[in-house]
Undergrad: 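Please read through the structure below; I'll follow up with questions.
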Amino acid sequence: MGKSRFGWLRRLLSSLRFRLSAAFAVLLAAVLVIINYYPVQLMREQVIATKETELWSAATTLAAALESYPELTEDNVYNAVRLLDVMRERRILAADAGGIVIYDSSQTAAVVGRLALFPEMIAALSGRDVFRCRYSETAFESCAAVPVMRGGETAGAVYFYDYDTEQAARLRETQGDLYRLSIVLTAVSLLGIAAFMLIFSRRLGLLLRGVKRVGQGEYSYKIQMRGQDELSAIGSEFNVLTGQIQKNEEMRRQFVSDASHELKTPLASIRLLSDSILQTKNISREDVREFLTDINEEIERLTRISESLLDLTRLDAMPPARPVPCDVDATVRKCADLLRGSAAQYGVSIELHSGGRHLILADPDGLYQVVFNLMENAVKYNRRGGKVVAGVGTDKDMTVLTVCDTGIGIPPEHLNNIFQRFYRVDKTRSRATGGTGLGLAIVDEWVRNLGGRIEVRSEYGKGSEFTVRFVSYRKGGAGQ
Ligand code: ADP
């Protein structure tokens with residue numbers, strides 16, 4: 001219940017837009033606090049520091065002057081104040097050692113003759129310098145009190161009082177200016193972030209829509225996004241990715257349809273042959289035998305196709321095999337031995353050109369499939385009295401396997417396609433020789449899996465040459 005009721009809130013809190021806006025709001029608030037607080041604080045401290053220096057130096061100057069007078073009287077203080085010109089806009093009091101005010105510069109509220117009982121004066125009379133400043137909304141109110149010494153004793157004290165509304169007004173004005181600046185800044189920033197979020201949301205929406213559509217299987221969907229920013233880069237990378245997925249999907253579909261077609265053909269033959277046995281009355285044992293032999297051949301073909309298909313799927317899904325040093329030369333010899341029987345049937349001879357060991361790092365099964373399929377094709381697509389020449393050599397740090405034949409060759413327009421699954425130049429010939437159309441596809445996959453490269457050269461009617469290059473293996477040195 002609670003889950004669905006607050007689902008919208010959770011979605012909002014976890015949305016990128018919300019998080020970005022929140023981060024921005026926090027940043028803006030921090031900037032506003034800094035703008036509104038620090039300059040004013042700094043100004044206030046500066047005014048107070050100036051006040052302290054001014055008042056204190058005036059008070060100490062006056063106190064020092066009074067120390068040179070023989071007596072602390074109202075006239076003496078009055079003269080000293082005038083002489084030193086320390087009055088300005090301030091109120092100055094002077095008290096004797098007993099704390100009785102003997103001089104007051106105020107015309108209106110003179111307190112001469114009364115006890116000066118305020119704390120600063122009391123502190124000064126006990127021999128200490130005092131400064132205090134307070135800022136209220138309307139004024140800087142500051143005072144300084146300094147003792148007047150005579151013969152090592154406190155003979156009295158002077159007290160300066162300053163009430164400055166001008167500086168306070170200036171400070172308030174600055175504060176107001178900063179406040180107005182903050183409002184403008186906030187408005188501009190909010191407009192900016194709103195515009196950014198609008199554009200960002202729209203672009204993010206485009207990306208999301210693309211991901212959803214492709215997720216629903218619409219692989220041809222392309223994200224149209226202008227600009228040069230990271231989102232456009234993601235968009236174009238996404239388009240490349242979906243293009244690749246689309247290509248793979250098409251290949252997969254084609255493969256499945258080719259595979260079922262290939263499997264259907266032998267199955268149809270088997271069906272036809274078994275129907276013939278069942279429906280022919282009084283069929284002779286020899287005929288049954290002949291039909292069953294044909295059925296057997298079709299079953300063998302089916303087995304070959306399914307084995308090859310399994311090989312291919314395994315290769316697709318398999319990580320590169322853990323390689324071991326394999327001798328290409330020995331593999332060629334082994335395949336030649338296996339193929340000699342069928343080569344003799346086709347009237348084809350096998351010649352080997354090699355010498356010594358040629359080691360590469362490979363999966364032995366993979367290497368065997370590469371060599372066997374190439375040599376088998378060279379035998380199958382040959383002519384009577386023809387030749388197959390298989391050779392292993394070295395070219396710099398590469399081991400080069402070549403399989404040449406003097407067979408029927410491949411027309412140039414087919415050369416680029418022969419490595420595709422189920423591709424055959426001449427279907428009848430391939431079928432007649434038991435081909436599945438998968439041999440070269442398996443070779444190609446294995447060569448890639450082993451980190452090698454395969455090339456084919458062929459002259460139609462004269463023969464073909466397949467060349468495979470592998471990185472040679474050297475003991476203790478770098479392998480593939
Ligand atoms: P298949 O099982 O039909 O032999 P492959 O994948 O091994 O399938 O080969 C694909 C096609 O390439 C063959 O059907 C054949 O037409 C052609 N081909 C392969 N090797 C040779 C060759 N040595 N000479 C001529 N044609 C070849």
Side-chain angles (χ1 to χ4, degrees), residues 251 254-255 258-259 261-266 269 297-316 332 335-336 338-340 342-343 345-353 365-391 401-449 454-468:
M251 268 167 66
Q254 185 63 41
F255 180 62
D258 287 349
H261 180 77
E262 291 296 328
L263 293 172
K264 244 163 53 189
T265 320
S269 307
E297 255 173 39
E298 292 303 326
I299 289 173
E300 263 170 32
R301 176 198 296 285
L302 267 178
T303 315
R304 267 198 310 277
I305 293 177
S306 49
E307 270 169 5
S308 299
L309 282 176
L310 262 178
D311 279 347
L312 274 172
T313 358
R314 242 182 262 135
L315 260 172
D316 275 345
V332 168
C335 294
L338 283 168
L339 285 166
R340 268 210 179 89
S342 57
Q345 273 178 13
Y346 289 109
V348 173
S349 63
I350 299 180
E351 225 175 78
L352 299 184
H353 284 187
D365 283 348
L367 179 63
Y368 172 78
Q369 295 232 39
V370 170
V371 178
F372 188 85
N373 282 340
L374 289 179
M375 287 182 71
E376 191 191 31
N377 278 352
V379 171
K380 277 190 327 194
Y381 300 106
N382 219 310
R383 61 181 82 247
R384 215 150 243 296
K387 217 164 52 168
V388 172
V389 182
L401 161 74
T402 43
V403 179
C404 302
D405 64 67
T406 55
I408 57 171
I410 304 163
E413 66 273 21
H414 291 279
L415 268 182
N416 280 336
N417 302 324
I418 52 171
F419 293 102
Q420 283 173 20
R421 298 170 181 192
F422 298 116
Y423 194 89
R424 295 154 168 131
V425 177
D426 178 352
K427 271 195 188 300
T428 338
R429 175 145 187 164
S430 166
R431 284 244 160 74
T433 53
T436 58
L438 292 171
L440 284 183
I442 293 176
V443 168
D444 189 44
E445 287 281 337
W446 265 119
V447 169
R448 241 182 290 172
N449 186 290
I454 185 162
E455 278 163 25
V456 54
R457 282 194 302 150
S458 185
E459 209 175 320
Y460 189 45
K462 286 208 167 153
S464 315
E465 181 182 87
F466 287 81
T467 311
V468 191

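In listed order, ligands and their atoms are each counted from 1.
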Undergrad: Decide, yes or no, whether a salt bridge links R424 with E262 under the criterion of side-chain N to carboxylate O below 4.0 Å.
TA: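 Between E262 and R424 there is a salt bridge, with a charged N closer than 4.0 Å to a carboxylate O.
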Undergrad: Could you report the tightest heavy-atom contact between F372 and L338, atom names first, then the distance?
TA: CE1-CB, 4.2 Å
Undergrad: So which heavy atom on P411 is nearest to which on V425, and how close?
TA: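 So the two residues come closest at CD-CG1, 3.8 Å.
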Undergrad: Classify the ring geometry of F466 against F419: parallel below 30°, tilted from 30° to 60°, perpendicular beyond 60°.
TA: perpendicular
Undergrad: If you count the atoms of ligand 1 from 1 in the order shown, which ones are under 4.0 Å from a heavy atom of I418?
TA: 10 (C), 12 (O)
Undergrad: Where the closest heavy atom to atom 22 (C) of ligand 1 is concerned, which of Y460, F419, Y423, Y381 has it?
TA: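 Closest candidate by heavy-atom distance is Y381.
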Undergrad: Taking all atoms of both residues into account, what is the closest heavy-atom pair of N382 and K387, and its distance?
TA: ND2-O, 3.2 Å
Undergrad: N/O to N/O below 3.5 Å, does that happen between G439 and ligand 1?
TA: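 Indeed, backbone or side chain, G439 has an N or O that close.
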Undergrad: Looking only at protein heavy atoms, identify the closest one to atom 5 (P) of ligand 1 and say how far it is in Å.
TA: L440 N, 3.5 Å
Undergrad: Numbering the atoms of ligand 1 from 1, which are under 4.0 Å from a heavy atom of G437?
TA: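 Ligand 1 atoms under the 4.0 Å threshold to G437: 1 (P), 2 (O), 3 (O), 6 (O), 8 (O).
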Undergrad: At under 4.0 Å between heavy atoms, is it the side chain or the backbone of K380 that contacts ligand 1, or both, or neither?
TA: side chain
Undergrad: For atom 3 (O) of ligand 1, find the nearest protein heavy atom and state the residue, atom name and distance (0.1 Å precision).
TA: S430 OG, 2.6 Å
Undergrad: Between the side chains of R301 and E298, is the shortest nitrogen-to-carboxylate-oxygen separation below 4.0 Å, so that they form an ion pair?
TA: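 Here E298 pairs with R301 in a salt bridge, since their nearest N and O are under 4.0 Å apart.
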Undergrad: Can you tell me the protein heavy atom closest to atom 7 (O) of ligand 1 and the distance?
TA: N377 ND2, 2.8 Å
Undergrad: Looking at every non-hydrogen atom in both residues, tell me the closest pair between L309 and F255 and how far apart they are.
TA: CD2-CZ, 3.1 Å
Undergrad: Does at least one non-hydrogen atom of S464 fall below 4.0 angstrom from an atom of ligand 1?
TA: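 The answer is yes: ligand 1 sits under 4.0 Å from a heavy atom of S464.
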Undergrad: In ligand 1, which numbered atoms sit nearer than 4.0 Å to a non-hydrogen atom of T436?
TA: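 The atoms of ligand 1 under 4.0 Å from a heavy atom of T436 are 1 (P), 2 (O).
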Undergrad: Kindly identify the option in D444, D405, I410, V425 whose heavy atom sits closest to atom 23 (N) of ligand 1.
TA: D405
Undergrad: Identify whether the distance between the nearest side-chain nitrogen and carboxylate oxygen of R314 and E445 falls below 4.0 Å.
TA: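 Here R314 does not pair with E445 in a salt bridge, since their nearest N and O are not under 4.0 Å apart.
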